[in-house]
S.K.: 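Before I ask anything, here is the structure I am working with.
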Amino acid sequence: MIGRKGVMEDESNARAKEDNNAEISWKLRSLPPAHYIFKIENLSLLSDAKAECFRSADFEVGAYKWKLSVYPRENKKRNGDGHISLYLVLSNSNELTFNQEVNVNFKLFVYDHIRDNYWTVQDTDEKVRRFQGIKREWGFDKLVSVTDFKDESNGYIMDNCCIFGAEVFVIDNASKGECLSMVKKPEKNTYIWTIQKISQLDSSYIKSEEFAIGGSKWRIRLYPKGNLKTKVKSLSIFLRLEDDATFENGRKLYVEYMLRVRNQFEGEHCEKEGQFEFESKDGWGFSNFMSLNDLNDKSKGFIHDNTLIVEVEIQAMTLLIVVLENW
């Protein structure tokens, strides 16, 4: 891949790149994408996150629903080593018959902050791509090198923000979009749950009161004697998202979090780190959080005065979707 600096002498000319036997045409234009824009803020935090890719919410064009999929480092499955990868995805919310195909001619976009224009990116020969049940994703494995993309003199990133877009089928003027932002350690990102009389609990599980972190509502669900997978062997703890209608149109909430059982003496706490894309009323955690032998060993300090202290610390998360009209 060549960087932008090698082609900026004449901005009116098309740029062509070749990756994975597919030529890519780059052209600069002033008009924004007609169908969808996907803005990503705090890109450096997203790039450092453990998730391999980030997808937009569904947007509808031509009676079908689509997504944009961005790999901020590389798509390892497609040999996109050292490059940003960008794809148009036919959403799973489309109910396709076994032999149904959706033929698409599309353009993807990268905003140039320096020149206040958009780079249109498409196959050089403007191929019609066939989307179907077993092939729902088309795009560019090696859109641009990570090094060139992060170089602010190239204009892809400004103030830790980048913008992508798409045009699918017929171009119209009704653009919609969203703003996705990564938050490192949201405000008041820890919840502490003190459980008294832990030995007297007779239910299979208990749940904390509802608490709010990062604009979303949560609970901790705890199985004192293990869930069905680890019954009478391990303590099971799960973080559960309690919001109902927050994540419409296929949106998920990516969260990096730490679950912790506090040591009430001087020893180390028992803690496990997880990351997950939560949907409405969704829970995720650990069936084998810690053995019941360790938990009930009074010398280890996890239970003291028949009290157990459980914490959750949300370390990073994406902000909720913001729909933008006429960007």
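Basis for what follows: all heavy atoms, side chains included, without hydrogens, waters or symmetry-related copies.
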S.K.: Answer whether the closest heavy-atom distance between the side chains of D148 and I84 falls below 4.5 Å.
M.R.: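 Not touching, per the 4.5 Å side-chain cut-off.
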S.K.: Are T190 and V312 close enough that some pair of their side-chain heavy atoms sits under 4.5 Å apart?
M.R.: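 A side-chain contact is absent here, since even the closest heavy-atom pair is not under 4.5 Å.
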S.K.: Looking at residues at least two apart in the chain, or sitting in another chain, which of them share a salt bridge (Lys or Arg N to Asp or Glu O under 4.0 Å) with R260?
M.R.: E271, E311, E313
S.K.: Considering residues at least two apart in sequence or located in another chain, which fulfil the salt bridge (Lys or Arg N to Asp or Glu O under 4.0 Å) criterion with R130?
M.R.: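 Per chain and number, R130 pairs via salt bridge (Lys or Arg N to Asp or Glu O under 4.0 Å) with E101.
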S.K.: Decide yes or no for Y254 and M182: does some side-chain heavy atom of the first lie under 4.5 Å from some side-chain heavy atom of the second?
M.R.: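 Yes, their side chains come closer than 4.5 Å.
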S.K.: Using the rule given for salt bridge (Lys or Arg N to Asp or Glu O under 4.0 Å), can you reason through D58 versus K65, listing the C-alpha separation, both sets of side-chain angles and the distance that settles it, and then say yes or no?
M.R.: CA-CA 6 Å; D58 291 353; K65 292 182 179 180; 5.1 Å; no
S.K.: Between R221 and E209, does any side-chain N to carboxylate O distance fall below 4.0 Å?
M.R.: no
S.K.: Are E137 and K67 side-chain neighbours, meaning at least one heavy-atom pair lies under 4.5 Å?
M.R.: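 When only atoms from C-beta onward are counted, K67 and E137 do not touch, as no gap falls below 4.5 Å.
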S.K.: Do N94 and V102 have side chains that get closer than 4.5 Å, going by heavy atoms?
M.R.: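 Contact flag for N94/V102 side chains = no.
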S.K.: So do W66 and V61 actually touch side chain to side chain, heavy atoms under 4.5 Å?
M.R.: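 They are in side-chain contact.
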S.K.: Would you please indicate if the ring centroids of F149 and Y156 are separated by under 6.0 Å?
M.R.: yes
S.K.: Flag the pair D123 and R129 as a salt bridge only when some basic side-chain nitrogen lies within less than 4.0 angstrom of an acidic carboxylate oxygen.
M.R.: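 Looking at D123 and R129, the cut-off is met.
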S.K.: Under the ring-ring contact (aromatic ring centres under 6.0 Å, His included) rule, what pairs show up with a residue in residues 284-307, not counting sequence neighbours?
M.R.: F265-H304, F276-W284
S.K.: Out of L96, V104, V168, which residue meets the side-chain contact (heavy atoms from CB on, under 4.5 Å) rule with Y64?
M.R.: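 Option passing the side-chain contact (heavy atoms from CB on, under 4.5 Å) with Y64: L96.
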S.K.: Checking one residue: Y205. Which other hydrophobic residues are in its cluster under the side-chain 4.5 Å linking rule?
M.R.: Y223, F238
S.K.: Tell me every residue that passes salt bridge (Lys or Arg N to Asp or Glu O under 4.0 Å) with E152, counting only those two or more places apart in sequence or in another chain.
M.R.: none
S.K.: Under 6.0 Å between ring centres: does that hold for Y71 and Y87?
M.R.: yes
S.K.: Could you tell me if the ring centre of W26 sits under 6.0 Å from that of F109?
M.R.: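 That pair fails the under 6.0 Å test.
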S.K.: Considering only heavy atoms from C-beta outward, does the side chain of I195 approach that of I198 to under 4.5 Å?
M.R.: yes
S.K.: Who are the salt bridge (Lys or Arg N to Asp or Glu O under 4.0 Å) partners of K225, not counting sequence neighbours?
M.R.: none
S.K.: Under 3.5 Å, is there a donor-acceptor pair between the side chain of K272 and the main chain of N288?
M.R.: yes
S.K.: Could you tell me if the side chain of L222 sits less than 4.5 Å from the side chain of K207, heavy atoms only?
M.R.: no
